[in-house]
Amino acid sequence: MSSCRVGLRLAACLLNISEARKKCIVENIAKAALLERNGQRHPEISVLNVFSDPEYNRSVITIAASIDELGNSVLAACLEAFQSIDMEVQEGIHPCLGAVDLIPIYPPSGVGVEECGAVARSLAENLVLSVPGCSVFLFGEADLPEKRPLVQRRKQLGWFTRRDFSTLKSDLGAAPARRCGLTVCSRW
């Protein structure tokens with residue numbers, strides 16, 4: 001992706017997935033972010049980094065694109081993740097709570113936080129329509145009108161202590177399903 005274009009409005013997502021030990025799964029999720037619907041590589045989407053921690057069994061895939069393209073790219077990666085990762089068998093030190101458990105979106109260049117929040121909310125709505133059993137909890141600019149910060153949402157959800165999510169009411173989608181877990185989405 002060329003960053004020297006005048007007026008390029010970049011956004012980035014640090015997509016957190018609950019897999020690090022199966023390299024082929026992580027690579028397929030990263031590759032899904034790069035492809036257009038016709039299967040061709042999108043010229044203006046980049047995966048900048050993939051960090052995997054095998055003990056946590058969690059990876060962070062950094063995806064960058066124009067604000068207009070980022071949502072579709074992240075959605076494609078999330079769909080691949082939900083298809084490939086089963087939270088009923090997932091293990092790791094980190095409390096990986098969802099196949100995709102965190103979708104923060106950042107505005108590095110020429111984009112406002114409100115726009116990132118709108119992309120995050122649209123992405124969340126598309127996820128619950130596309131993935132049966134997907135439940136999404138919002139924070140920051142996507143969590144309207146409250147705009148609760150991630151730390152507050154983690155406390156409300158029992159992020160580091162709870163493994164039974166059956167009593168949680170998600171912001172979007174059904175109650176968290178064991179196979180999918182829960183997903184938290186917004187502008188960081």
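The shown structure was predicted, so the numbers you read here are calculated from the model rather than taken from an experiment.
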For a quick test of your reading: what N or O donor-acceptor pairs under 3.5 Å do the side chains of residues 71-84 make, sequence neighbours left out?
from	atom 1	to	atom 2	distance (Å)
Ser73	OG	Ala33	O	2.5
Glu80	OE2	Ser84	OG	3.1
Ser84	OG	Glu80	O	2.9

If you measure from CD on Glu69 to CD1 on Ile63, what distance do you get to the nearest 0.5 Å? 13.0 Å
Using the test salt bridge (charged side-chain N to carboxylate O under 4.0 Å, His left out), find all partners of Lys31 that sit at least two apart in sequence or belong to another chain. none
To the nearest 0.5 Å, how far apart are CG in Leu102 and CG in Leu150? 6.0 Å
Can you name the closest pair of heavy atoms from Cys116 and Pro107 and give their distance? SG-CB, 3.6 Å
Gap separating the CD atom of Gln152 from the CG atom of Leu157, nearest 0.5 angstrom: 10.0 Å
State the CD-CG distance between Glu19 and Asn28, to the nearest 0.5 angstrom. 11.5 Å
Check salt bridge (charged side-chain N to carboxylate O under 4.0 Å, His left out) between Arg21 and all other residues, then give those that pass, not counting sequence neighbours. none
So, does Asp53 use its side chain to make a donor-acceptor pair with the main chain of Arg58 at under 3.5 Å? no
With Ser52 via side chain to side chain donor-acceptor pair (under 3.5 Å) - residues at least two apart: Ser59
Short side-chain to backbone donor-acceptor contact, Asn49 and Thr62, under 3.5 Å: no
Summary of salt bridge (charged side-chain N to carboxylate O under 4.0 Å, His left out) pairs that have at least one residue in residues 115-138, sequence neighbours excluded: Arg9-Glu115, Arg121-Glu125
Once you round to the nearest 0.5 Å, how far does CG of Leu15 lie from CD1 of Ile29? 7.5 Å
What residues, two or more places apart in sequence or in another chain, satisfy side chain to side chain donor-acceptor pair (under 3.5 Å) together with Asn126? none
Of all heavy-atom pairs between Val50 and Ala30, which one has the smallest distance, and what is that distance? CG2-CB, 4.2 Å
Hits for side-chain contact (heavy atoms from CB on, under 4.5 Å) against Lys23, two or more places apart or cross-chain, chain-then-number order -> Glu27
Taking atom CD1 of Ile85 and atom OG of Ser18, what is their separation to the nearest 0.5 Å? 6.0 Å
Can you name the nearest heavy-atom pair linking Arg153 to Asp143, along with the distance? NH1-OD1, 4.2 Å
Check against side-chain contact (heavy atoms from CB on, under 4.5 Å), Leu10 and Ile67: CA-CA 6 Å; Leu10 287 177; Ile67 189 72; over 6 Å; no
Is the CD atom of Glu55 crowded by more than 12 outside heavy atoms at less than 6.0 Å? no
Linking Ile, Leu, Val, Met, Phe, Trp and Tyr through side-chain heavy atoms less than 4.5 Å apart, which residues share a cluster with Val136? Val128, Leu138, Leu172
Residues forming a salt bridge (charged side-chain N to carboxylate O under 4.0 Å, His left out) with Glu146, sequence neighbours excluded: none
Show the numbers, then the answer: is there a side-chain contact (heavy atoms from CB on, under 4.5 Å) between Leu123 and Ile103? CA-CA 9 Å; Leu123 174 60; Ile103 309 174; 3.6 Å; yes
Considering residues at least two apart in sequence or located in another chain, which fulfil the salt bridge (charged side-chain N to carboxylate O under 4.0 Å, His left out) criterion with Lys22? none
Minimal non-hydrogen separation, Val26 against Ala20, with atom names: CG2-CA, 4.1 Å
Would you please name every residue forming a side-chain contact (heavy atoms from CB on, under 4.5 Å) with Ser170, sequence neighbours left out? Ser135, Phe137
I'd like to check the side-chain contact (heavy atoms from CB on, under 4.5 Å) partners of Asp68; sequence neighbours left out, ordered by chain and number. Ser66
